[in-house]
Amino acid sequence: AYTFSLLMKAYLKSGQFDKVKAAAHDMKIRGIPLTNHHYTALIGAYGRQGSMSEMQQVLGTMDFDGIPKDRTLYNALIYAYCRNNAVEEAMRVKDDMYNRSIGASGAVPMDPSLRPDPFTYATILDALGRREKFDEMAALRTEMLEREVPETTGVCNVLIDAHARAGRLDAALAIKTSMNAPPDVITYSTLVLHLNRASRSDDVALLVAEMASNQVRENTYFCNALMDAHRKKGDVEQAQALKDRMKVSGIRADLVTFNILLDTYVKAGRSIEALELRDEMRELGLGEN
RNA sequence: CGCAACGUCUAUCACGCUU
């Protein structure tokens, strides 16, 4: 069962949804009972492919087999609803979880472990954020406060991203300033990305410095966001300098990094350097692309 | 029993899909 759990997780992560389903099928044939871990992966696969009716069938199977659903599975379910434009339904699941956690759902037995957690709220907040439903987001934050669900770094990142994407940069910065949880590399890359798009380079510089003093390590995503800003300005020197800095700091360049660099070189008419990048990609095992 | 890890959320370019 553990082997299948690992397999299904890997398939889900790499977008091979049919293989997740095939693995579940394989387990049934072999008579290996599926657990919440397997069902969570299955729900993730169905949610990402938009197969809502098949997902409902899986939920029915769990009920039929008498397998109680745990919080992580419900969170995955909420994610699936959110991805498929059913935020209302996601909210309903979240409320059911809460009611069951306090024993307020009638004949259904109480289960405190079903209490909605920061993941639950982050998922719904993200869906609301992508739809720019700021009032509903505020209401959810109030609910979190009442129910003593902590605003973790992940939750704050979702809030910051929602505001920043909508161009509400100062609101986004205000959340970062007031958050109790420590900002992480995602917090900084979200802000830096959108501040750069708004040409607020002074704020970017401040954040980059703050990040260093907070000992938050840059990663590939973060550097790619910076790199793209250089590309948009046509700043080949800065892009090159960043690429070198990444190498020195041991930050892996990925396909995105190279796409940005290629475009930067080509637009600057430096096709020889662009071609050299191809060799470098091969050395890093990115040549197939 | 305790502790830890693990399955669920959030950030980057392009392409493609949908509009």
Side-chain angles (χ1 to χ4, degrees), chain A residues 1-2 4-13 15 20 34-45 47-50 69-83 85 90 93-94 97 114 116-130 149 151-165 172 175-176 179 181 183-197 207 211 216 218-232 239 242 246 251-264 266-267 289:
Chain A
Y2 184 59
F4 277 103
S5 177
L6 290 176
L7 256 181
M8 290 166 79
K9 183 188 154 192
Y11 285 143
L12 179 64
K13 206 167 150 187
V20 177
L34 275 73
T35 69
N36 267 280
H37 287 248
H38 308 106
Y39 282 116
T40 299
L42 257 186
I43 288 172
R48 274 164 247 255
Q49 336 188 270
K69 305 180 190 73
D70 70 11
R71 175 161 61 193
T72 302
L73 186 135
Y74 277 119
N75 284 345
L77 184 60
I78 285 172
Y79 180 67
Y81 284 133
C82 285
R83 276 187 67 110
N85 292 317
V93 174
K94 181 260 302 167
M97 290 167 76
L114 291 180
D117 68 357
F119 280 77
T120 318
Y121 284 96
T123 305
I124 299 176
L125 283 168
D126 184 54
L128 294 173
R130 290 177 195 281
V149 181
E151 287 196 340
T152 58
T153 303
V155 170
C156 294
N157 288 345
V158 166
L159 298 171
I160 288 170
D161 186 49
H163 285 96
R165 240 192 342 244
I175 293 169
K176 201 230 75 189
M179 63 196 264
D184 66 3
V185 65
I186 296 183
T187 320
Y188 287 108
S189 48
T190 304
L191 285 167
V192 159
L193 175 77
H194 291 100
L195 287 167
N196 263 327
R197 285 187 182 163
L207 282 179
M211 185 175 164
V216 176
E218 302 172 316
N219 66 8
T220 305
Y221 270 55
F222 179 86
C223 292
N224 288 346
L226 288 182
M227 189 77 84
D228 192 51
H230 297 142
R231 177 185 71 82
K232 281 179 184 142
L242 177 58
M246 286 173 75
I251 301 164
R252 197 176 59 88
D254 67 2
L255 206 58
V256 174
T257 319
F258 281 103
N259 273 340
I260 299 169
L261 278 167
L262 277 169
D263 193 58
T264 310
V266 170
K267 292 234 168 86
N289 290 292

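These numbers come from a predicted model, not from an experiment. Residue numbers start from 1 in every chain, and the chains themselves are labelled A, B, ... in the order their sequence lines are given, proteins ahead of strands.
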| Got a donor-acceptor contact below 3.5 angstrom from the A/Ser5 side chain to the A/Ala1 backbone? | no
| Whole angstrom value for the distance that separates P of B/U10 from CG of A/Asn75 | 12 Å
| Listed nucleotide nearest any side-chain atom of A/Ala76, set B/C13, B/U10, B/U8 | B/U8
| message | Once you apply a heavy-atom cut-off of 4.0 Å, does A/Ser189 come out as touching a base, just sugar-phosphate, or nothing? | response | base
| request: Measure the distance from CG on A/Asp263 to P on B/U12 and round it to the nearest whole Å. | output: 17 Å
| field | Close side-chain approach of A/Val185 and A/Met211, heavy atoms under 4.5 Å | value | yes
| task | Give the minimum heavy-atom separation between A/Thr40 and A/Ala76, together with the two atoms involved. | result | CG2-CB, 3.7 Å
| said: For a quick check of understanding: with a heavy-atom distance under 4.0 Å over all strands, which category does A/Arg197 fall into, base, sugar-phosphate or nothing? | reply: sugar-phosphate
| So what does A/Arg83 touch, heavy atoms closer than 4.0 Å: a base, only the sugar-phosphate, or nothing? | nothing
| Whole Å only: how far is the OH atom of A/Tyr11 from the P atom of B/G7? | 18 Å
| request: Could you work out which one of B/A11, B/C9, B/G7 sits closest to the side chain of A/Lys9? | output: B/G7
| remark: To the nearest angstrom, the CD1-P distance between A/Ile160 and B/C9 comes to 19 Å
| Reckon A/Asp254 touches a base, only the sugar-phosphate, or nothing at all at heavy-atom distances under 4.0 Å? | nothing
| request: Determine the contact category for A/Val256: base if any of its heavy atoms lies under 4.0 Å from a base atom, sugar-phosphate if only primed atoms, P, OP1 or OP2 are that close, otherwise nothing. | output: base
| query | Side chain of A/His38, backbone of A/Thr35: donor and acceptor closer than 3.5 Å? | reply | yes
| said: So, applying side-chain hydrogen bond (donor to acceptor under 3.5 Å, both in side chains) with A/Asp117, which one of A/Asn75, A/Thr152, A/Thr72 is it? | reply: A/Asn75
| message | Using a 4.0 Å heavy-atom cut-off, does A/Asp70 contact any base of the nucleic acid, only the sugar-phosphate backbone, or nothing at all? | response | base
| message | So if I take every side-chain heavy atom of A/Thr72 and compare against B/U8, B/C13, B/U10, which nucleotide ends up nearest? | response | B/U8
| request: Please state how far atom OH in A/Tyr74 lies from atom P in B/G7, giving the value in whole angstrom units. | output: 21 Å
| query | Rounded to the nearest Å, what distance is computed from the CD1 atom of residue A/Ile43 to the P atom of nucleotide B/C9? | reply | 12 Å
| task | Search all heavy atoms of A/Arg231 against all heavy atoms of A/Asp263 and return the closest pair with its distance. | result | NH1-OD2, 2.9 Å
| query | Atom CG of A/Leu261 and atom P of B/U12: how far apart are they, to the nearest Å? | reply | 18 Å
| said: Please determine whether any donor N or O and acceptor N or O are separated by less than 3.5 Å between the side chain of A/Asp228 and the base of B/C13. | reply: no
| message | Of the listed nucleotides (B/U12, B/A11, B/G7), which one gets closest to any side-chain atom of A/Thr40? | response | B/G7
| said: Could you tell me how far apart A/Phe119 (CZ) and B/C6 (P) are, to the nearest whole angstrom? | reply: 10 Å
| task | Looking only at side-chain atoms of A/His37, point me to the closest of B/C6, B/U8, B/A11. | result | B/C6
| task | Please work out if A/Asp184 contacts a base, only the sugar-phosphate, or nothing of the nucleic acid, heavy-atom cut-off 4.0 Å. | result | nothing
| Is a side-chain N or O of A/Arg48 found less than 3.5 angstrom from the main chain of A/Gly44, in a donor-acceptor match? | yes
| Closer than 4.0 Å, any side-chain N/O of A/Arg48 to the OP1 or OP2 of B/C9? | yes
| Do A/Asn224 and B/A11 share a donor-acceptor pair, side chain to base, under 3.5 Å? | no
| query | Is A/Tyr221 near enough to B/C13 that one of its side-chain N or O atoms lies under 4.0 angstrom from OP1 or OP2? | reply | no
| Phosphate OP1/OP2 of B/C9: any A/Arg130 side-chain N/O under 4.0 Å | no
| message | Check this for me: does the side-chain of A/Thr190 come within 3.5 Å of the base of B/A11 through a donor and an acceptor? | response | no
| remark: Regarding the side chain of A/Ala225, the nearest nucleotide among B/U12, B/C13, B/U8 is B/U12
| query | Counting side-chain heavy atoms from C-beta on, which of B/U8, B/U12, B/A11 comes nearest to A/Ile186? | reply | B/A11
